[in-house]
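Here is the structure we will look at, set down as structure tokens.
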Amino acid sequence: MRTLVVTEKSAEAALRRIEAQRNLIDAAEIRLDYAETDTIGDFFSLPSRISLPLIATARLPRDGGLWERDEEERFLLLCRAAESGFSFVDLEADRDSGAFARLKRAFGSGFGAERGIIASFHWFSQDLGDAGAGRMEQEILHLLAPGIIPKAAVMLSGSRDLLAFCRAACRLKGVKGRKILVGMGSYGVPVRLAYRNIGSFLTYCSDQGEAPAPGQLSAGVLESDYGLGGYHREARLFGIIGNPVLHSSSPRIHNPGYRRLGLNALYLPFPCDDLQAFLETARLLGIQGFSVTVPFKEKIIPLLDEYDDTVRRIGSCNTVYHSGGGFSGINTDMEGFLDPLRHRYDLDSLGLADRVLLIGAGGAARSVAAAISTLPCEIYIANRSVGRAEQLVRDLLPEQGRAIPLNSAADYAPYRIIIQSTSVGMSPDSGSTPLPDFPFSGEEFVYDIIYTPEKSVLLQTAEAAGARILSGAPMLRRQAELQFECFTSCEYPADPGQTGSF
Ligand code: ATR
């Protein structure tokens, strides 16, 4: 169940919030600690006015809540919520058994599988590890009982914590009874999304505004980027590792593709600070393929079971898939770069006397260099540090490559094609360009692999001089489509759109 956390002061505002998100959620949690004292009683009419399961809770400051008033008053409010038709009431797991018995009585005869108590604990400490995850598991086993849903919300501070959390969750999956498992913080995002795969009864989501808990995504994003409305059973898992990675647009390419084809699959962002730990998590959760982005495209290679010649030649791997018990690496950046260029430019028209300029000599430049290595023309590699450009020439363009300093690129003009592969000009540094004052003739074809902003300063300047331009957006899309095909053995759909069954 996608559960909207509602932190409104009045019942009317809460009602409006829920109605506005009605198509995106399956349940709502009413946070009574946010309610205004004078009108808090109005909240008890909500179950008769909304046809959704409602959870009532009033969190204490130690659990990230606002309730500072009398403890008995809080407990009576929760009992009243149970009496008024709320489906679940969330109470701290460390309350004594007498409190649980009183709350159970408040539910009356309705107490059972569909109405009951969520017994929760929140751990915000920074080092969960295997020991903490083990304690979490024991606590949940201890709390499990008819009508009681144990809930653990624990902060995950790195890839090792995520691994420990997933190990405990997988062991708990074998134990009968509903549980709620929440990984807080950015490392918990993938398990908030793939909540059914880790055996959690529900996942929490926020409204558009600031999330009431770290790592919580909005109901809108759960639907638009992940299609969780159709996530009714365990899905095949895919994802992307990087650091940072939560901003990545790849989920918005892969997930609509799955939905369009009716595949029960989910593509998740995995922030990563430890590749070994991530690979163990991938094995544990049965992740069948993942994209690799900065800063792991080189570091992942020695950890793979096998990789192809392109990865070996470029020294960069952006795609890993599971095959025959191991992880195999390929590189779709090269073809992703070349495909849009081929569509827009007649590469066969290039001759020996023509010049191509490649700006940059980093990881991205290596994929570009490999892609253009078969062109018959002269290729100038302009980089801030010339030594790196010289290395790239030795490795990938020994015949036709020539390394030059970035600030002397204009000396070797004119170029037929200019390719920009550095991060200079990328948001948030979108005001800069690696070629200030370059004398464009207007005859060039300028390809900037940056896709945010869509038109970099370099492209704007080139276009103003009459040159044809191409941004990195089609490259991003093409390399992702090729990954999709590698992961699913299905061609990427021509019109993925935003809807369709899971
Ligand atoms: P990526 O994998 O994204 O290519 P990288 O391997 O770190 O990242 O390479 C970054 C590229 O951008 C390099 O060509 C780098 O130039 P140096 O090799 O001289 O460092 C280039 N780059 C980054 N910041 C730059 C800047 N401010 N001016 C010019 N070039 C820059």
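Counting starts at 1 for both ligands and their atoms, in listed order.
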### Task
State, without any angle test, whether Thr332 and Asn318 hold a side-chain donor-acceptor pair at a distance under 3.5 Å.
yes
### Summary
Result for ring-ring contact (aromatic ring centres under 6.0 Å, His included) between Tyr258 and one of Tyr492, Phe484, Tyr226, Tyr231 points to Phe484
### Query
Do the ring planes of Phe238 and Phe487 sit parallel (below 30°), tilted (30 to 60°) or perpendicular (above 60°)?
parallel
### Task
Collect the protein residues that have a non-hydrogen atom under 4.0 Å from ligand 1 and hand them over in chain and number order.
Gly360, Ala361, Gly362, Gly363, Ala364, Asn383, Arg384, Ser385, Arg388, Leu406, Thr422, Val424
### Query
Around Glu234, counting heavy atoms of other residues, nucleotides and ligands shown, do more than 12 lie under 6.0 Å from its CD?
yes
### Message
Does either side chain, that of Ser323 or that of Ser328, offer a donor lying less than 3.5 Å from an acceptor on the other one?
### Response
yes
### Message
Filter on side chain to side chain donor-acceptor pair (under 3.5 Å), then keep only pairs touching residues 274-284, sequence neighbours left out; what's left?
### Response
Arg160-Asp274, Arg167-Glu280
